[in-house]
There are 2 protein chains.
Amino acid sequence: MSMTMSELAAKTGIPRVTISRVLNGFKYVSEETKSRVYAAIEENGYEPNLLARSLVLQKSNLLAFVVPDIHLSFYSEMIDLVEQGAMAGGMHLLPFNSLFDPAREQRILSVASQLRVDGMILVPVKTGDTMANATSLKSVRHKLVIFDYHEAASHTTVGMDNWKAGYLAVERLRQLGHRRIAMLEGGLAEESKVQSARGRGFRAAVQELGLSPAQCPVFSGPWGKRGEYFEYGYELTRSHMADFRRLGVTALFAFTDGVALGAMRALMEAGLRVPDDLSIVGCDDLDFAAFLAPPLTTIRQPREAMAAGLLAGLNADRISHTKFDPIFVERGSSAPPRKGKG
Amino acid sequence: MSMTMSELAAKTGIPRVTISRVLNGFKYVSEETKSRVYAAIEENGYEPNLLARSLVLQKSNLLAFVVPDIHLSFYSEMIDLVEQGAMAGGMHLLPFNSLFDPAREQRILSVASQLRVDGMILVPVKTGDTMANATSLKSVRHKLVIFDYHEAASHTTVGMDNWKAGYLAVERLRQLGHRRIAMLEGGLAEESKVQSARGRGFRAAVQELGLSPAQCPVFSGPWGKRGEYFEYGYELTRSHMADFRRLGVTALFAFTDGVALGAMRALMEAGLRVPDDLSIVGCDDLDFAAFLAPPLTTIRQPREAMAAGLLAGLNADRISHTKFDPIFVERGSSAPPRKGKG
DNA sequence: GTGAAAGCGCTAACAC
DNA sequence: GTGTTAGCGCTTTCAC
């Protein structure tokens, strides 16, 4: 077992209180004493007990960041960015992965709460239950910022404007000349506000920009337990290939890049070329997007800005709602439709 | 603030000690009392303070899992698998991301240690420093299992046999008829045992299987700050395209799938077809591997088995060293070499 | 079955 | 500048 502060004190002859004071940056300690203390700590490999410290301080310096799928580069990059900021403020970031599972999320919320985290950033899995959980926790103890979800008026929210992302996809594809655009929506659109917002933006754009809803269908399918985007996009595309042909669809908008990748593979297997036969636009600008063949046109989330917004939201006293604009990144998977189509 | 146990006691008239006993599964409590306590907890939204509890119990029920790149699906899947096992044992898993940065790893080790985690699974960034850190920590307090690294005799180690993975790649490509195989090694081979072991296995196979080392070069390049595998593979391949041509290389083995993806893209841009002109074999079987065009032949790490091994190592009293065999997964990116070459 | 008392490792007033 | 005291929220003997 590691030694305690008292033991360190006994061993070195330095009073326990003095050690504590040095560790807490207390002013009235002589430089000489300070160095003696640091030397003693170093020499004996003493490590303060965060548990005890947090208990008396009523502050753990812990921040929780709960994401639904840590493996998505979007979230893992956000975690890295937020962590840097947290560390600069002397906090530690604990990342958690809810895997889109409400029960799991519930457990995570509970653990984090019992660990007495000082703050939490949460990407809720669904609306009802989770928000209730989160709300109860928030009112109880820590700061809470809802990320990626914009309809929680009772909490600070930060995220990209997902509605705009869906809108932007249609707008840009239309500018390229496309008139028949299909969307691959998420299988959790009922539950996930992120997914549904993108779909709503898409539908709104179709209406407002004078396209035909009948020619711009939104497809979705059953969602696996985890975020199996590739498989999902692949299967969904295969099962609607006939619809694309029948409707003369010339462009596809996938609600996230992973789905776009799966779709691309399905199209290629069917002998269709991207973007010659069909344009594809993804969303999120995940790490692999630029490296596909062809490189994926996508809608990027402004991560750095959002990370800063998250931290700011955590520190703020008042509730706020911040939406960041999506960024259209044009790459090789989109092009004007071929003549005779669209 | 959340209420304390004493407050709950005062409010409900149930003695504090009784509540504590119920929460800790003490035997001599009447069923009636138990339900009263549970009801009281539920009703008042009481949440036990893990900090205080761990302090007195001298046990946090926390496990740390430190990986170098949480975004790699290999690691995030391992985290999920280990977490399931941990939860079954009543522990909580805290994932940490060292980003291949020794300083960062050092900080994580320190925080985890100060948090008094009961156990730690560590994928060390490098050999020397980190192992020293880890050693000092281990001797002090918690259980330590080294993952993905096999030369720490002083600690329990668990991982795939990376040497065999490198060997297997050559062996299988040779069976397909390839004689000139290049390897794309990691930029951290000097520091990362995982990377270097794969390279050593590759080189050994070249020797033992009667291939010419001169015709089977191992390339590596400068490594970015984070694990930018795609870019790395892309740039590395571009910069050695002339070498491939000159040597008549017919197959490429990338030390991890991300690098293989980058390489594929570079090859395609150069007008080469996979696998017609060049076969590619990756390693790790990351989530996207099966969805590339063509699907990537790769060497899979047996994750479930390794997760179980990790947990077992954590629970064991004795030091052990477990190596799991790699699994060759043949997909579309590999084929026999064309006539006239190889 | 239940209550009293002590203590986990640390910090924060207070005096000295 | 340094020591003393009390207490953070909880669990655990030990009596009753």
Side-chain angles (χ1 to χ4, degrees), chain A residues 1-38 40-41 44-62 90 111 113-118 140-142, chain B residues 1-37 40-41 44-62 90 110-111 113-118 140-142:
Chain A
M1 292 303 289
S2 131
M3 75 190 334
T4 123
M5 201 154 123
S6 303
E7 284 166 7
L8 215 214
K11 196 169 169 194
T12 61
I14 305 170
R16 184 179 66 229
V17 199
T18 304
I19 301 176
S20 170
R21 278 176 184 148
V22 171
L23 251 31
N24 289 283
F26 195 71
K27 294 165 208 156
Y28 311 111
V29 196
S30 69
E31 283 305 323
E32 188 204 328
T33 313
K34 271 190 195 165
S35 10
R36 271 215 308 154
V37 169
Y38 285 129
I41 291 176
N44 294 278
Y46 165 74
E47 285 196 306
N49 187 325
L50 234 53
L51 264 27
R53 192 164 196 280
S54 305
L55 183 59
V56 46
L57 252 27
Q58 298 288 67
K59 186 169 186 335
S60 64
N61 284 326
L62 259 27
V111 173
S113 187
Q114 291 181 209
L115 251 184
R116 297 301 190 263
V117 298
D118 294 331
V140 182
R141 188 169 308 112
H142 56 260
Chain B
M1 292 300 290
S2 133
M3 77 189 333
T4 125
M5 201 153 123
S6 304
E7 285 166 5
L8 215 213
K11 195 169 170 194
T12 62
I14 305 170
R16 184 180 65 228
V17 199
T18 305
I19 301 176
S20 171
R21 278 173 183 149
V22 171
L23 251 32
N24 290 283
F26 195 71
K27 293 164 205 156
Y28 310 111
V29 195
S30 69
E31 283 305 323
E32 189 205 327
T33 312
K34 271 189 197 165
S35 9
R36 272 215 309 154
V37 170
I41 290 176
N44 295 279
Y46 165 74
E47 285 195 306
N49 186 325
L50 235 54
L51 263 29
R53 192 164 196 280
S54 303
L55 183 59
V56 45
L57 252 29
Q58 298 288 67
K59 186 170 187 332
S60 64
N61 285 325
L62 260 25
S110 171
V111 173
S113 187
Q114 291 181 209
L115 251 185
R116 298 302 191 260
V117 298
D118 293 331
V140 181
R141 187 170 309 113
H142 56 259

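The structure displayed is predicted, hence computed values, not measured ones. All chains are named by letter (A, B, ...) in the order of the sequence lines, taking the proteins before the strands, and each is independently numbered beginning at 1. Note that these values count all heavy atoms, side chains included, but never hydrogens, waters or copies made by symmetry.
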Its dot-bracket string being built from Watson-Crick and G-U pairs below 3.5 Å, with | for another strand and [ ] for crossing, DNA chain C has the pattern |||||||||||.||||
Given C:dG9, is OP1 or OP2 found less than 4.0 Å from the side-chain N or O atoms of B:Gln58?
yes
Is there a side-chain polar atom (N or O) of B:Thr4 under 4.0 Å from OP1 or OP2 of D:dC10?
yes
With [X] via side chain to side chain contact (heavy atoms under 4.5 Å, CB included) - residues at least two apart:
X	value
A:Thr12	A:Leu8, A:Ile14, A:Ala40, A:Asn44
A:Leu51	A:Asn49, B:Leu51, B:Ser54, B:Leu115, B:Arg116
B:Ser35	none

Under the side chain to side chain donor-acceptor pair (under 3.5 Å) rule, collect the residues that match up with [X], sequence neighbours excluded.
X	answer
A:Lys59	A:Asn61, A:Asp118
A:Thr33	A:Ser30
A:Arg53	A:Asn24

Please identify each residue that fulfils salt bridge (Lys or Arg N to Asp or Glu O under 4.0 Å) with A:Lys34, with sequence neighbours left out.
A:Glu31
Taking the same atom, P, in D:dT2 and in C:dG9, what whole-Å distance lies between them?
25 Å
What is the per-nucleotide protein-contact pattern of nucleotides 11-16 of chain C, from the 5' end, where B denotes a base atom under 4.0 Å from a protein heavy atom, S denotes such proximity for sugar-phosphate atoms only, and - denotes neither?
SBBB--
To the nearest angstrom, the CG-C1' distance between A:Leu51 and C:dG7 comes to 15 Å
Can you tell me the distance, in whole Å, between the CG atom of A:Asn49 and the C1' atom of D:dC8?
13 Å
